[in-house]
Novice: 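Quick one: structure below, then a few questions.
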Amino acid sequence: VSEDTRPDTLSDRSISAVADLIKSGRAKRIVVMTGAGISTAAGIPDFRSPKTGLYHNLARLDLPHPEAVFEIDFFRNNPRPFYVLAKELYPGNFHPTISHAFVALLAKRKLLRMLFTQNIDCLERAAGVPPELIVEAHGSFATQRCIDCKNPFPDAEMRKCVESASAPNCFHKGCGGLVKPDIVFFGEQLPSTFFDNATVPQEADLVIVAGTSLMVHPFAGLPRLARDSVPRVLFNMERVGDFGTRADDVLCLGECDDGIRKLADDLGWRDELEKMWVDL
Ligand code: APR
């Protein structure tokens, strides 16, 4: 028999073959991994894109190097650059993209096993992805605490400080330490939820990666954890990571929203997706 009879192989390395795999019911545990590239269409710059990426536009903050804005030691000495940036990035001013809506649609159809995101914009939650299916590997702006005594800091107070781009200090007497949102800075540990779920990609029967340069570990190692027989789809402007080295890698290079819309078309979900997105 010439036809490869492995249950989850693709007929060819195309988006329509991925759609067939999903429609055939052979992909029920889809694991999605995302980065800042899925939020650029929402108006949030990513980090490394030439010209538009945040790391190319922080000159006004007078940093020793761009990543310093997310370095804990620099923050201790000078929290102001971070708080200037936080005011621009703070959730609430942005609308989820069609890519966020697609992940929520996978969850609605009981096909999403887990979403691992590097983003701190909470747009996956806003799109309706159930929180228990989201691993915010680099934390998020949803909560904040003192970097010294670790006590939580009130949300309302935090919002005021972000609005005025001024670093809040801990209220606890005798502390007065700096307050920082629970986003993972360089030099900090990822949240335990990342490590608790780090083997989930091995259960996947389809992996979808979208909008990430796969430059930052340990997150960048997740796509490699997929079993060899499992198809991996990349929706990204450029080829990243080890995509293209496996027989069933599908590379859909370009705007992620365009690639996702093509997949939705091939799945017959396009109208449902567009309606869901508009209603968010
Ligand atoms: N469509 C498809 N791809 C896009 C789009 C888009 N509309 N916009 C940007 N991209 C791609 C870029 O080409 C790049 O490959 O998304 C990727 C974004 O990469 P980064 O800017 O490095 O963002 P990310 O991968 O999320 O960064 C990882 O770095 O600074 C740390 O903690 C921060 O979580 C962040 C981590």
Side-chain angles (χ1 to χ4, degrees), residues 15 32-58 61 63-72 74-75 81-82 85-86 88-89 91 94-103 115-124 127 134-142 180-191 193-194 207-224 232-244 249-264 277:
I15 290 296
V32 180
M33 301 151 185
T34 57
I38 68 160
S39 296
T40 52
I44 305 175
D46 68 9
F47 296 93
R48 296 175 178 84
S49 277
K51 290 203 271 303
T52 53
L54 268 181
Y55 289 155
H56 305 287
N57 289 284
L58 295 177
L61 295 179
L63 297 163
H65 49 272
E67 289 84 348
V69 71
F70 292 119
E71 284 171 0
I72 193 70
F74 181 86
F75 178 80
F82 170 76
L85 195 58
E88 292 169 24
L89 293 178
F94 303 101
H95 191 275
T97 66
I98 208 80
S99 294
H100 291 105
F102 182 77
V103 182
L115 164 69
F116 292 86
T117 183
Q118 299 169 91
N119 298 340
I120 56 177
D121 54 35
C122 299
L123 286 182
E124 299 90 354
I134 305 176
V135 172
E136 289 163 328
H138 295 168
S140 84
F141 275 107
K180 177 180 85 56
D182 288 335
I183 63 178
V184 179
F185 272 33
F186 291 110
E188 287 188 311
Q189 267 290 10
L190 272 65
T193 176
F194 177 83
V207 166
I208 294 176
V209 175
T212 177
S213 60
L214 289 181
M215 297 269 281
V216 175
H217 287 269
F219 189 98
L222 289 177
R224 283 180 177 74
R232 305 184 308 173
V233 189
L234 174 70
F235 293 107
N236 207 61
M237 280 298 186
E238 56 187 355
R239 200 189 70 72
V240 294
D242 69 336
F243 271 89
D249 282 349
V250 176
L251 281 75
C252 185
L253 303 185
E255 294 277 342
C256 52
D257 286 356
D258 295 348
I260 292 276
R261 281 188 159 114
K262 162 117 181 64
L263 178 55
W277 178 50

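Ligands are counted one by one from 1 in listed order, and the atoms in each one are counted from 1 as well.
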Novice: What protein heavy atom is closest to atom 9 (C) of ligand 1, reported as residue, atom name and distance in Å?
Specialist: Asp46 OD2, 3.2 Å
Novice: Would Thr34 and Glu124 count as a side-chain contact (heavy atoms from CB on, under 4.5 Å) if you check the C-alpha gap in whole Å, the side-chain angles of each, and the deciding distance to 0.1 Å?
Specialist: CA-CA 10 Å; Thr34 57; Glu124 299 90 354; 3.9 Å; yes
Novice: Which protein heavy atom lies closest to atom 15 (O) of ligand 1, and at what distance to 0.1 Å?
Specialist: Glu238 OE2, 2.6 Å
Novice: Near Thr40, which atoms of ligand 1 are under 4.0 Å from a heavy atom of that residue?
Specialist: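 In order of numbering, the contacting atoms are 5 (C), 6 (C), 7 (N), 8 (N).
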Novice: Closer than 4.0 Å to some heavy atom of Gly35 - which atoms of ligand 1 meet that?
Specialist: 26 (O)
Novice: Kindly identify the option in Ile260, Val184, Thr212, Leu214 whose heavy atom sits closest to atom 17 (C) of ligand 1.
Specialist: Thr212
Novice: Can you check which of Glu67, His56, Arg48 brings a heavy atom nearest to atom 27 (O) of ligand 1?
Specialist: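 Nearest heavy atom to atom 27 (O) of ligand 1 lies in Arg48.
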Novice: What is the distance from atom CG of Leu222 to atom CZ of Phe194, rounded to the nearest 0.5 Å?
Specialist: 4.5 Å
Novice: Just to confirm my output: which protein heavy-atom neighbour is closest to atom 26 (O) of ligand 1, and how far is it?
Specialist: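 Looking at atom 26 (O) of ligand 1, the protein heavy atom closest to it is Ala36 N, 2.8 Å.
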Novice: Should one rank Leu253, Asn236, Val240 by closest heavy-atom distance to atom 11 (C) of ligand 1, which comes out on top?
Specialist: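 Answer by nearest heavy atom: Asn236.
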Novice: Can you tell me how far CZ of Phe141 sits from CG of Asp182, rounded to the nearest 0.5 angstrom?
Specialist: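 Answer rounded to 0.5 Å: 11.0 Å.
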Novice: Should Gly254 be listed as contacting ligand 1, given a heavy-atom distance under 4.0 Å as the test?
Specialist: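 Gly254 counts as a contact of ligand 1 under the 4.0 Å cut-off.
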Novice: Using the side chain to side chain contact (heavy atoms under 4.5 Å, CB included) definition, which of the options Asp257, Ile15, Asp258 pairs with Phe235?
Specialist: Ile15
Novice: Once the angle between the rings of His95 and Trp277 is folded into 0 to 90°, is it parallel (under 30°), tilted (30 to 60°) or perpendicular (over 60°)?
Specialist: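 Rings of His95 and Trp277: perpendicular, as their planes differ by over 60°.
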Novice: Report yes if some N/O of Phe47 lies less than 3.5 Å from some N/O of ligand 1; otherwise report no.
Specialist: yes
Novice: N/O to N/O below 3.5 Å, does that happen between Val216 and ligand 1?
Specialist: no
Novice: For atom 19 (O) of ligand 1, find the nearest protein heavy atom and state the residue, atom name and distance (0.1 Å precision).
Specialist: Ser213 N, 3.3 Å
Novice: With a 4.0 Å cut-off on heavy atoms, does Gly211 reach ligand 1?
Specialist: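 Yes, that is the case, since the closest heavy atom of the residue is under 4.0 Å from the ligand.
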Novice: Does Lys180 make a cation-pi contact with Phe82, if we ask for NZ or CZ under 6.0 Å from the ring centre and within 45° of the axis?
Specialist: no
Novice: Quick test of your reading of the structure: of Glu255, His217, His138, whose heavy atom lies closest to atom 34 (O) of ligand 1?
Specialist: His138
Novice: Output the distance between atom CG (Asn119) and atom CD1 (Ile44), rounded to the nearest 0.5 Å.
Specialist: 7.5 Å
Novice: Can you find a non-hydrogen atom of Ser49 under 4.0 Å from ligand 1?
Specialist: yes
Novice: Check this for me - ligand 1, Phe70, N or O atoms closer than 3.5 angstrom, yes or no?
Specialist: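 It does not: no N or O of Phe70 is found under 3.5 Å from an N or O of ligand 1.
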Novice: Any donor-acceptor pair under 3.5 Å linking the side chain of Arg239 with the backbone of Gly244?
Specialist: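 Not a single qualifying donor-acceptor pair exists.
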Novice: Name the closest protein heavy atom to atom 28 (C) of ligand 1, giving the residue it belongs to and the distance to 0.1 Å.
Specialist: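 Heavy-atom neighbour on the protein nearest atom 28 (C) of ligand 1: Gln118 OE1, 3.2 Å.
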Novice: Which residue supplies the protein heavy atom nearest to atom 1 (N) of ligand 1, what is that atom called, and how far is it?
Specialist: Cys256 N, 2.9 Å
Novice: Determine whether a donor-acceptor pair (N or O, by modelled atom type, separation under 3.5 Å) exists between the side chain of Asn236 and the backbone of Gly211.
Specialist: yes
Novice: Quick one: pull up CZ in Phe185 and CD in Glu67 and give me the separation to the nearest 0.5 Å.
Specialist: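 Going from the CZ atom of Phe185 to the CD atom of Glu67 covers 12.5 Å.
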Novice: Return the CD to OG1 distance between Glu238 and Thr212, rounded to the nearest 0.5 Å.
Specialist: 9.5 Å
Novice: Working note: Val216 + Phe47, criterion side-chain contact (heavy atoms from CB on, under 4.5 Å); need CA distance, chi angles, decisive distance, verdict.
Specialist: CA-CA 11 Å; Val216 175; Phe47 296 93; over 6 Å; no
Novice: Of all the heavy atoms in Phe186, does at least one lie under 4.0 Å from an atom in ligand 1?
Specialist: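 Within the 4.0 Å threshold, so yes.
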Novice: Checking the side chain of His138 only, and the main-chain atoms of Leu190 only, is there a donor and an acceptor separated by less than 3.5 Å?
Specialist: no
Novice: Can you report which non-hydrogen protein atom sits closest to atom 4 (C) of ligand 1, along with the distance?
Specialist: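 Heavy-atom neighbour on the protein nearest atom 4 (C) of ligand 1: Met237 CG, 3.5 Å.
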Novice: Out of curiosity, is Tyr55 lining ligand 1, as in a heavy atom under 4.0 Å away?
Specialist: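 It does, in that a heavy atom of Tyr55 comes within the 4.0 Å cut-off of ligand 1.
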Novice: Please report which non-hydrogen protein atom sits nearest to atom 6 (C) of ligand 1, along with the residue it belongs to and the distance in Å to one decimal place.
Specialist: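 The answer is Gly37 O, 3.4 Å.
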